[in-house]
Amino acid sequence: MTNDVSAGIKYMLFASLLFACMGAFAKELSSSMSSIEVVFFRNIFGVFLILIAIYRKPIVQKGGKPWLLVFRGMAGFTALLFFFYNIANIPLGEAMTFSKTSTIFSAIFAYIFIKEKLGLKGWIGVFIGFIGILFITKFDGTSLDKSDWLGILTGVGAGLAYTSIRELRTYYDGRVIVLSFMLIGSIGPLFLMGISEFYTNEKFDFIFATFVMPQANDWLFIILLGIVATFAQIYMTKAYSVAKAGIIGTISYANIAFSIAIGVFLGDKLPDIWIIFGIILIVISGILVSMKKD
């Protein structure tokens, strides 16, 4: 692997900006359709791109872990479902910060399930991360808001998905792993929206919502959402391919800053001092966990 730190940082900064833009487009779409429907359009776009890539260059793999592949898809889909719901209902920067807690949970799951060493630096990072979550959620010892629970579960789901990828990549082509996520992330929303035609529940509006035909101007945001999400993945992959994971993982936290700035532009309030402190702790946590191997 070529170690070009400068190029890796540039790629990751650009990917981080694109991920923030993806969140912004999802937030704009959420004003006219449910977050479930936004998840569908975000994934169906990727399905076609992956299938085209596989057609141009057929897959070569040994396979053998189909249920783990399904599990990865389900975990990723669930995390994205909760993430997009939060994007629609809380400031973009906060929703993005919750999603970045996946680094903390991924480290814990890797330690438990695949016996990956965490080390003192990693455990300190995990501890700091959980303190950061307490500040972000403003937990008072009694209860958490729905968005807080869903934010934490976003990190848990993404952490499970990332941990499963470490096992799957020895059995499957990377495009197949992504496709499993995209397919389940397309079929899942259709299933949930179908059920919602007969059953709805306001308490579970992050799961049940009916399909709404997009308006003319919505299609522009749908296309932009698919494009930026795809290129964000491409440039993130490039970044990790040319520089150390610890460095790139650290730079990836720039998407929180980009998300806060874009969110304010879209009308979000600036985060208060407690949330800012929580964000700082989560970033420090992620840096410590990401660099534990470097």
*Search all heavy atoms of I260 against all heavy atoms of P271 and return the closest pair with its distance.*
CG2-CD, 4.1 Å
*If you count the non-hydrogen atoms of other residues, nucleotides and ligands that lie under 6.0 Å from CE in M33, is the total more than 12?*
yes
_From CA spacing to verdict: side chain to side chain donor-acceptor pair (under 3.5 Å), S32, D218_ = CA-CA 8 Å; S32 57; D218 290 335; 3.1 Å; yes
*Which atom pair, heavy atoms only, marks the closest approach of V39 to P189?*
CG1-CG, 4.0 Å
*Parallel, tilted or perpendicular for Y11 and Y235, by the 30°/60° rule?*
tilted
_Looking at F139, I want to see if its CZ is surrounded by more than 12 non-hydrogen atoms of other residues, nucleotides or ligands under 6.0 Å._
yes
_Separation of M96 CE from T101 OG1 (nearest 0.5 Å)_ = 12.0 Å
*Joint hydrophobic cluster, F198 plus M193, side-chain heavy atoms closer than 4.5 Å*: no
_is_close_aromatic(F208, Y199), centroid dist under 6.0 Å_ = yes
_Using the rule that Ile, Leu, Val, Met, Phe, Trp and Tyr join whenever any side-chain heavy atoms are under 4.5 Å apart, tell me whether I52 and F181 fall into a single cluster._
no
*asked:* Would a single hydrophobic cluster contain both F48 and Y55, if residues Ile, Leu, Val, Met, Phe, Trp and Tyr are joined by side-chain heavy-atom contacts under 4.5 Å?
replied: no
*What do you reckon, are the aromatic ring centroids of F40 and F191 less than 6.0 Å apart?*
no
_Counting C-beta onward and ignoring hydrogens, is there a side-chain heavy-atom pair between L150 and F98 closer than 4.5 Å?_
no
*State whether the number of non-hydrogen atoms from other residues, nucleotides or ligands found under 6.0 Å of K146 atom NZ is greater than 12.*
yes
*asked:* To the nearest 0.5 Å, what is the distance between CD1 on I184 and CZ on R72?
replied: 9.0 Å
*Do the side chains of T103 and I282 get nearer than 4.5 Å, heavy atoms only?*
no
*Kindly confirm or rule out a cation-pi arrangement of R42 over F84, judged by NZ or CZ under 6.0 Å from the six-membered ring centre and within 45° of its axis?*
no
*For S147 and N89, test the side chains for any donor-to-acceptor distance below 3.5 angstrom and give the result as yes or no.*
no
*asked:* For residues I187 and V38: do they belong to one hydrophobic cluster (side chain heavy atoms under 4.5 Å, members Ile, Leu, Val, Met, Phe, Trp, Tyr)?
replied: no
*Between N255 and Y253, a side-chain donor and acceptor under 3.5 Å*: no
*Are S259 and E94 close enough that some pair of their side-chain heavy atoms sits under 4.5 Å apart?*
no
*Between E28 and L266, what is the shortest heavy-atom contact and its length?*
OE2-CD2, 3.6 Å
_F211 atom CZ, neighbour heavy-atom count above 12 within 6.0 Å_ = yes
*asked:* Other residues, nucleotides and ligands only: do more than 12 of their heavy atoms fall within 6.0 Å of CZ on F45?
replied: yes
*asked:* For the aromatic rings, using the six-membered ring if either is Trp, is the centroid distance between Y111 and W123 under 6.0 Å?
replied: yes
*Are F41 and M213 connected in the hydrophobic side-chain network, where two residues link if heavy atoms are under 4.5 Å apart?*
yes
*Compute the centroid of each ring, for F206 and then for F82, and state whether the two points are separated by less than 6.0 Å.*
yes
*Can you name the nearest heavy-atom pair linking L168 to L69, along with the distance?*
CD2-N, 3.8 Å
*D173/K62 ion pair, N-O < 4.0 Å*: no
*asked:* Let me confirm one number: the OH-CG distance from Y172 to L68, rounded to the nearest 0.5 Å.
replied: 8.0 Å
*pair V283-I256: side-chain heavy atoms closer than 4.5 Å*: yes
